[in-house]
Undergrad: 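Here's a structure for you.
Order of listing sets the numbers, starting from 1, for every ligand and every atom in it.
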Amino acid sequence: MSAVTRPPQRDAPKPLRDEDGLHADIRRALAASATGRGVFGATWEYFDEIGSTNDAALRAAERGVAEGHVFIAGAQTAGRGRLGRTWHSPPEAGLYVSTIVRRSALAPWITLAGGVAVAQGIRAATGLPVQLKWPNDVVAVTGSAFQFRRKLAGILAEASSGAESIQYIVLGFGINLRQTALPPELQGRAGSLEGELGRLVDGGVVLAAVLAALHRVTEDVIASGPAALLAEWRQLSPSAEGARVEWDGSGVTRTGVSAGIDVDGALRVVTAEGLERIVSGEVRWT
Ligand code: BTN
């Protein structure tokens with residue numbers, strides 16, 4: 001999870017007028033699923049264009065907006081990904097969503113919970129058997145050794161810390177709904193739900209299913225601890241065990257075979273020198 005001190009003040013978002021009907025699909029799906037989502041999406045805002053929904057949520061959290069309030073955008077002009085990357089967010093091509101989490105007991109688990117929720121929500125809404133690639137990329141996989149993989153969604157959790165503890169977390173996720181012109185660096189590595197399925201996908205139904213899954217997994221963690229979450233994550237991520245991987249460590253490329261995740265979410269890798277734990281960054285499947 002990334003730590004932030006103060007939410008950046010960027011271009012003021014333009015709220016979409018509620019009566020223009022542009023996002024009737026989201027309104028309909030959220031209204032129909034309200035009982036299964038707990039606080040997540042009990043209140044929400046839609047913007048036709050925004051800098052970053054994570055920034056909007058960070059500012060709102062700072063003002064005291066309640067846990068579960070959801071920010072949804074049709075496009076982002078400054079969408080952020082992990083490791084300082086840009087999240088390509090063209091108009092009407094994806095779901096760009098952020099929500100606020102305030103229960104501090106969830107803090108250590110929110111990144112894994114977000115990944116499980118997005119993967120399970122996509123599966124439930126579309127039937128597409130997406131997988132997780134450590135730490136939290138949602139991918140479509142073909143090929144027996146996980147070698148053909150297209151990233152369909154990503155999760156970015158950012159926390160604001162007070163003097164002694166985490167005050168709130170913003171959980172953002174981007175889901176590629178439809179195929180658009182991709183920047184060269186993403187060609188061949190990114191995909192979309194509609195591209196995988198070969199049919200139209202209702203973004204509202206996917207969003208409602210993800211929020212329902214987020215409610216379920218976070219309630220499980222609060223009630224019974226992280227064991228069930230870790231088991232679900234492992235089930236969704238077969239490549240976390242027994243796959244050849246490489247990563248950059250201290251300026252050199254390291255290689256090994258994945259050996260599952262630890263209870264803290266670190267990826268275990270068996271190398272020629274012994275067992276390594278990777279706690280952050282990125283691994284590549286070879
Ligand atoms: C990743 O790099 O895999 C994480 C991508 C997270 C993108 C989402 S889109 C909604 C929210 N707002 C942002 O600026 N980023 C996240």
Undergrad: Which pairs pass salt bridge (charged side-chain N to carboxylate O under 4.0 Å, His left out) with one or both residues in residues 200-217, sequence neighbours excluded?
TA: R216-D220, R216-E232
Undergrad: Can you tell which part of I155 has a heavy atom less than 4.0 Å from ligand 1: side chain, backbone, both or neither?
TA: backbone
Undergrad: Pull out every atom of ligand 1 sitting under 4.0 Å from any heavy atom of G174, numbered as shown with elements.
TA: 7 (C), 8 (C), 9 (S)
Undergrad: Within the structure provided, determine whether D248 and R284 are in side-chain contact (heavy-atom separation under 4.5 Å).
TA: yes
Undergrad: Just jot down the ligand 1 atoms closer than 4.0 angstrom to any heavy atom of G81, in number order.
TA: 1 (C), 2 (O), 4 (C), 5 (C)
Undergrad: Test of understanding: given a 4.0 Å heavy-atom threshold, classify the contact between Q76 and ligand 1 as side chain, backbone, both, or neither.
TA: side chain
Undergrad: Test your reading of the structure: does W87 have an N or O sitting under 3.5 Å from an N or O of ligand 1?
TA: no
Undergrad: For V97, counting its heavy atoms only, list the atoms of ligand 1 lying under 4.0 Å from any of them.
TA: 10 (C), 11 (C)
Undergrad: Could you tell me which non-hydrogen atom of V206 sits nearest to which non-hydrogen atom of I122, and how far apart they are?
TA: CG1-CG1, 4.2 Å
Undergrad: Atom 3 (O) of ligand 1: which protein heavy atom is closest, and how many Å away?
TA: K151 NZ, 2.6 Å
Undergrad: Answer yes if V97 and I175 sit in the same cluster of Ile, Leu, Val, Met, Phe, Trp and Tyr residues linked by side chain heavy atoms under 4.5 Å apart, and no otherwise.
TA: yes
Undergrad: We want to know whether Y168 and E62 form a side-chain donor-acceptor pair, criterion being a heavy-atom distance below 3.5 angstrom.
TA: yes
Undergrad: Number the atoms of ligand 1 from 1 as they appear, then name those within less than 4.0 Å of a heavy atom of G79, with their elements.
TA: 14 (O)
Undergrad: Please report whether ligand 1 has a polar contact with S52, defined as an N or O pair separated by less than 3.5 Å (distance criterion only).
TA: yes
Undergrad: Do I222 and W109 come close enough that some side-chain heavy atom pair is under 4.5 Å?
TA: no
Undergrad: Could you list which atoms of ligand 1 come closer than 4.0 Å to a heavy atom of T53?
TA: 10 (C), 11 (C), 12 (N)
Undergrad: With sequence neighbours excluded, give me every ring pair (Phe, Tyr, Trp, His ring centres under 6.0 Å) pair touching residues 66-85.
TA: H69-F71
Undergrad: As a test of understanding, state which of R82, R59, R80 forms a salt bridge (charged side-chain N to carboxylate O under 4.0 Å, His left out) with E158.
TA: R80
Undergrad: For atom 2 (O) of ligand 1, what is the nearest protein heavy atom, given as residue, atom name and distance?
TA: R82 N, 2.7 Å
Undergrad: With a heavy-atom distance limit of 4.0 Å, tell me whether N136 approaches ligand 1 through its side chain, its backbone, both, or neither.
TA: neither
Undergrad: Among the clusters formed by ILVMFWY side chains lying less than 4.5 Å apart, do W87 and L193 turn up in the same one?
TA: no
Undergrad: What protein heavy atom is closest to atom 15 (N) of ligand 1, reported as residue, atom name and distance in Å?
TA: R80 O, 2.7 Å
